Amino acid sequence: MKIESRTSGDDRELSIKILRQAVPKMTALDIAVTPVNYAVWYEYCLGTNPLLKLEIDKLLNAGTSFTSSTNDRLFKEFLGEPGDAEKLCSVQSETQSLISGLINKIRQISQGTADFSDVLSSYSDQLQDNPTEATLAELIEGLGSELTQVMQKNKGMAASLSQMDKEVNELRNEMESLQNEVMTDPLTTLFNRRAFDHQMQQVFNGANQGDKSFSMMVVDIDFFKKVNDTYGHQTGDKVIAYVGRLLKKGVRSSDFVARYGGEEFVIILPDTDFNIAMTVAEGVRAIINEKKLSIGAENRQSLGRISVSVGVSSFCTDDSIDDCMARADEALYQAKSSGRNCVKGIEKQAAAVKPKDNRRAEPA
Ligand SMILES: Nc1nc2c(ncn2[C@@H]2O[C@H](COP(=O)(O)OP(=O)(O)OP(=O)(O)O)[C@@H](O)[C@H]2O)c(=O)[nH]1
């Protein structure tokens, strides 16, 4: 799935192009054009979700039939949560009527052309039979009226096709905003964990194929439970959103910032080596710890300084995604154990990875 929002005219054309590939493929495989099924096959034809593509190709090779439960599974596994299928229901009737309308129009156009070519061949047959002047005059008049009818038909057709084009566009926007919703963390408006998993896979595939390498950071707010316990959950939420904003500000626009869950964030830094990633991480840590925070419009209450601990790792040849993440996690554990509010990195795979649950231990 492509993460960036697609809004340009080029992308509109791309969506329509994909629609024209996806619908015939679904028809050939006897798959009903419902929003859930369409989302799966749209992504397949788009080709930007390699895991989904791999799975569908595997099923196609095995001759598996794509029942609604197969499509549902693909949707849930690769595109959304069970609840997301329901969210898509609002576009269900639109999708169905739009696509069946499109098919009907195409049928009408080809039917109209076939009718007209039948008329033309009947006229040309009559011309072969040495027609009298009176017959010729009748033929010319008939042909004229046929032409007028075809032109009127085409004019109406062009208008309804352009209306349909508009509807395809609206539907595409609706599907895109749903897709963005599914990829966004509502509290911070950063990408969510699902988007991160997807992006990590993309960057990882690229690095494995010899493209540019990448580094990653895991960022965790220190003693966050205390913030919640002292100032309440709502203030805790504001602190999470605040840290999210600073993280986004502290890295390049091409870096990928996501809220991994709770008070933990992850950042992918494409084309960035370990030493640079360590410097960026230190910068981010410092910005977050720079300001004293306060809450409330009047009688402002000081929250003091917020700090984060950061773990850094970089992609190494023969790494798996888990290896790379485990090193960043282990580095975060080291940062927490060394007193927090610091950055630690593990450059090589030699680290002994401790279980994730242990890393929240209070410092000695
Ligand atoms: N306000 C708020 N709190 C959350 C959210 N998600 C998780 N938390 C809380 O974040 C706290 C995390 O606490 P811990 O895992 O003990 O970590 P910590 O207190 O930050 O301690 P260290 O990470 O070890 O420095 C828990 O109290 C969670 O309830 C959220 O979305 N909003």
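As the structure is a prediction and not an experimental result, all values here were calculated from the model. One-based numbering, in listed order, for ligands and for the atoms of each. Computation of the quantities below employed the complete heavy-atom set of this structure, encompassing side-chain atoms and omitting hydrogens, waters and symmetry-equivalent molecules.
- Val239 approaches Leu303 most closely through the heavy-atom pair CG2-CD2, 3.6 Å.
- The distance from ligand 1 to the heavy atoms of Asp222 drops below 4.0 Å at these ligand atoms: 20 (O), 25 (O).
- For ligand 1, the atoms closer than 4.0 angstrom to any heavy atom of Phe223 are 18 (P), 19 (O), 20 (O), 21 (O), 22 (P), 25 (O).
- On a distance-only criterion, Gly236 and ligand 1 share no N/O pair closer than 3.5 Å.
- Counting only residues at least two apart or on different chains, the salt bridge (charged side-chain N to carboxylate O under 4.0 Å, His left out) pairs with a member in residues 182-192 are Asp185-Arg259.
- Only the side chain of Asp220 comes within contact range of ligand 1, with a heavy atom under 4.0 Å; no backbone atom does.
- Contact annotation: for Lys336 versus ligand 1, heavy atoms closer than 4.0 Å belong to the side chain alone.
- At a 3.5 angstrom cut-off on N or O pairs, Leu187 does not count as close to ligand 1.
- Within ligand 1, the atoms closer than 4.0 Å to a non-hydrogen atom of Arg340 are 22 (P), 24 (O), 25 (O), numbered from 1 in the order shown.
- Distance alone, capped at 3.5 Å, is enough to place a donor-acceptor pair between the Asn289 side chain and the Ile306 backbone.
- For ligand 1, the atoms lying closer than 4.0 Å to a non-hydrogen atom of Gly262 are 6 (N), 7 (C).
- Listed by number with element, the atoms of ligand 1 under 4.0 angstrom from any heavy atom of Arg259 are 30 (C), 31 (O).
- The backbone of Ile221, and not its side chain, has at least one atom closer than 4.0 Å to an atom of ligand 1 (non-hydrogen atoms only; backbone = N, CA, C, O).
- Formation of a donor-acceptor pair under 3.5 Å by the Asp237 side chain with backbone atoms of Gln234 is not found in this model.
- Considering only heavy atoms from C-beta on, Lys344 stays 4.5 Å or farther from Ser337 through its side chain.
- Among residues at least two apart or in separate chains, there is no ring pair (Phe, Tyr, Trp, His ring centres under 6.0 Å) pair with a member in residues 261-290.
- Aromatic rings of Phe214 and Phe315 (six-membered ring for Trp) have centroids within the 6.0 Å cut-off, being under it.
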